[in-house]
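Excluded from the calculations below are hydrogen atoms, water molecules and symmetry mates; all remaining heavy atoms, backbone and side chain alike, are included. Count residues from 1 along the sequence. The structure displayed is predicted, hence computed values, not measured ones.
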Amino acid sequence: MEALIPKPTSPRAKLKPSWEEPKWPLFVALGSLLFVLSIIIIAHYVILHDKLHAPDITIPSMDFTLLNMTEPLSTVKWDLLISIPPTLPGYYVPLKGDFKVFIVYDGVTIATSSLESYTLIPGRSELLAASLTASLGDMDGAIVKSIVDDIKAKGEMRFGSRLLLPDYRSETSGKMNYTCDEATLRFEPGSQRSATLFVNQPNCHYIP
């Protein structure tokens with residue numbers, strides 16, 4: 001019986017079926033392809049995310065002043081400080097450029113600033129100042145009445161705002177639009193001429 005059992009050292013016993021041959025080169029090629037595809041997908045997602053999102057901007061200060069009160073058509077003025085976060089300059093917006101501010105009441109734009117120039121430093125927060133004036137005579141009568149009623153009834157007003165900055169990123173419209181939360185401005189005690197930001201600091205959100 002011993003002679004019928006092939007020895008492990010025989011040439012036939014050493015042969016391996018062809019399907020058992022190693023396929024490492026194929027596995028390496030497939031792994032490399034999957035790695036490259038994943039890098040492309042991640043890069044595309046990052047670029048798309050950056051185009052749809054941008055850091056928020058805040059308004060730490062907003063003042064409202066009623067000018068020339070004795071004249072029939074009074075003029076109102078807003079003075080704002082706009083806080084630019086350190087992650088915005090140099091990537092989202094250029095280091096030098098111009099911006100505009102819009103004041104909104106009850107969904108209607110009632111004042112627009114002239115172009116304001118700015119200079120930013122990469123990686124540093126900066127405060128930008130802007131001033132806007134508007135004549136009550138140029139506003140819709142219903143809006144003026146509503147503002148006056150708020151002043152008389154509550155001694156405060158609520159204004160929204162919008163920002164327009166240049167866009168430094170490639171393949172964009174070249175403009176960055178921000179919509180800001182409403183700001184509550186409260187008049188100083190005994191005064192109906194000057195009001196300052198009360199309680200909240202409005203956040204401004206990028207609108208792609």
Side-chain angles (χ1 to χ4, degrees), residues 50 52-67 75-136 138-139 143-144 146-148 150-151 154-169 172-189 191-208:
D50 284 348
L52 297 177
H53 301 82
D56 284 353
I57 294 173
T58 58
I59 300 179
S61 175
M62 181 186 291
D63 296 327
F64 171 87
T65 306
L66 182 61
L67 306 174
T75 301
V76 292
K77 181 183 179 184
W78 294 265
D79 295 296
L80 294 83
L81 286 180
I82 301 162
S83 179
I84 302 296
T87 52
L88 207 62
Y91 180 74
Y92 292 93
V93 299
L95 300 182
K96 291 186 177 181
D98 301 305
F99 70 100
K100 294 185 78 171
V101 181
F102 306 85
I103 296 296
V104 180
Y105 183 84
D106 200 21
V108 178
T109 300
I110 59 175
T112 303
S113 74
S114 57
L115 277 176
E116 305 274 359
S117 61
Y118 70 82
T119 301
L120 302 174
I121 299 174
R124 182 182 296 182
S125 298
E126 297 284 348
L127 286 176
L128 306 181
S131 295
L132 305 83
T133 58
S135 172
L136 294 179
D138 294 333
M139 297 182 192
I143 290 178
V144 174
S146 181
I147 293 175
V148 172
D150 285 343
I151 295 173
K154 298 179 290 186
E156 63 183 38
M157 302 162 296
R158 297 175 66 89
F159 294 107
S161 52
R162 293 189 296 110
L163 310 176
L164 180 62
L165 293 93
D167 197 334
Y168 196 58
R169 299 167 296 175
T172 63
S173 65
K175 299 177 181 179
M176 295 187 74
N177 290 285
Y178 276 82
T179 297
C180 308
D181 302 331
E182 280 193 336
T184 301
L185 278 68
R186 179 165 291 183
F187 282 87
E188 299 170 1
S191 170
Q192 289 187 346
R193 186 173 184 272
S194 300
T196 56
L197 186 63
F198 177 73
V199 180
N200 62 320
Q201 291 188 2
N203 287 318
C204 305
H205 313 285
Y206 172 62
I207 306 298

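Looking at every heavy atom in both residues, Ile57 comes nearest to Leu165 through CD1-CD1, 4.2 Å. Considering all non-hydrogen atoms of both residues, Phe99 and Ala129 come closest at CZ-O, 3.8 Å. Residue Leu197 comes nearest to Pro60 through the heavy atom pair CD2-O, 3.5 Å, listed as atom of the first residue, atom of the second, then distance. Closest approach of Ile59 and Cys180 over heavy atoms only: CD1-SG, 3.9 Å. Closest approach of Val93 and Pro166 over heavy atoms only: CG1-O, 3.2 Å. What you find for His53 and Arg169 is that their closest heavy atoms are O-NH1, 3.8 Å.
Atom CD1 of Ile82 and atom SG of Cys204 lie 7.0 Å apart (nearest 0.5 Å). Remark: Ser83 OG to Asp56 CG distance equals 11.0 Å, nearest 0.5 Å. Here CZ of Phe159 is found 8.5 Å from CG of Asp150. Values are rounded to the nearest 0.5 Å. Taking CG of Asn200 as the reference point, atom OG1 of Thr58 lies at 11.5 Å (rounded to 0.5 Å). Rounding to the nearest 0.5 Å places CG of Asp98 at 8.0 Å from OH of Tyr118. Here CD1 of Ile143 is found 11.0 Å from CG of Leu136. Values are rounded to the nearest 0.5 Å.
Within a 6.0 Å sphere centred on NZ of Lys77, other residues, nucleotides and ligands contribute 12 heavy atoms or fewer.
Side-chain contact check for Arg162 versus Ile207: every heavy-atom pair is 4.5 Å or farther apart. No side-chain heavy atom of Thr179 sits less than 4.5 Å from a side-chain heavy atom of His205. No side-chain heavy atom of Thr196 sits less than 4.5 Å from a side-chain heavy atom of Leu185. Within the 4.5 Å cutoff, the side chain of Tyr92 has no heavy atoms near those of the Pro85 side chain.
Side-chain contact annotation: Ser131 with Asp79, donor-acceptor N/O pair under 3.5 Å present.
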Lys100/Thr112 under side-chain contact (heavy atoms from CB on, under 4.5 Å): CA gap, chis, key distance, verdict: CA-CA 7 Å; Lys100 294 185 78 171; Thr112 303; 3.8 Å; yes
Derivation of the side-chain contact (heavy atoms from CB on, under 4.5 Å) call for Met157 and Phe187: CA-CA 9 Å; Met157 302 162 296; Phe187 282 87; 3.6 Å; yes
Test log, rule side-chain contact (heavy atoms from CB on, under 4.5 Å), inputs Asp106 and Ser146: CA-CA 9 Å; Asp106 200 21; Ser146 181; 5.9 Å; no
Candidate pair Ile84 and Leu128, rule side-chain contact (heavy atoms from CB on, under 4.5 Å), full reasoning: CA-CA 7 Å; Ile84 302 296; Leu128 306 181; 3.7 Å; yes
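Judged purely by atom type and a 3.5 angstrom limit, Asp138 has no side-chain atom pairing as donor or acceptor with the backbone of Ala111. Using a distance-only test at 3.5 Å, with no hydrogens or angles considered, no donor-acceptor pair links the side chain of Asp167 to the main chain of Met176.
Each of Val104, Val76, Ile103 was scored for a side chain to side chain contact (heavy atoms under 4.5 Å, CB included) with Ile110, with one residue passing: Ile103. The one candidate from Phe102, Phe64, Tyr105 that meets the ring-ring contact (aromatic ring centres under 6.0 Å, His included) condition with Trp78 is Phe64.
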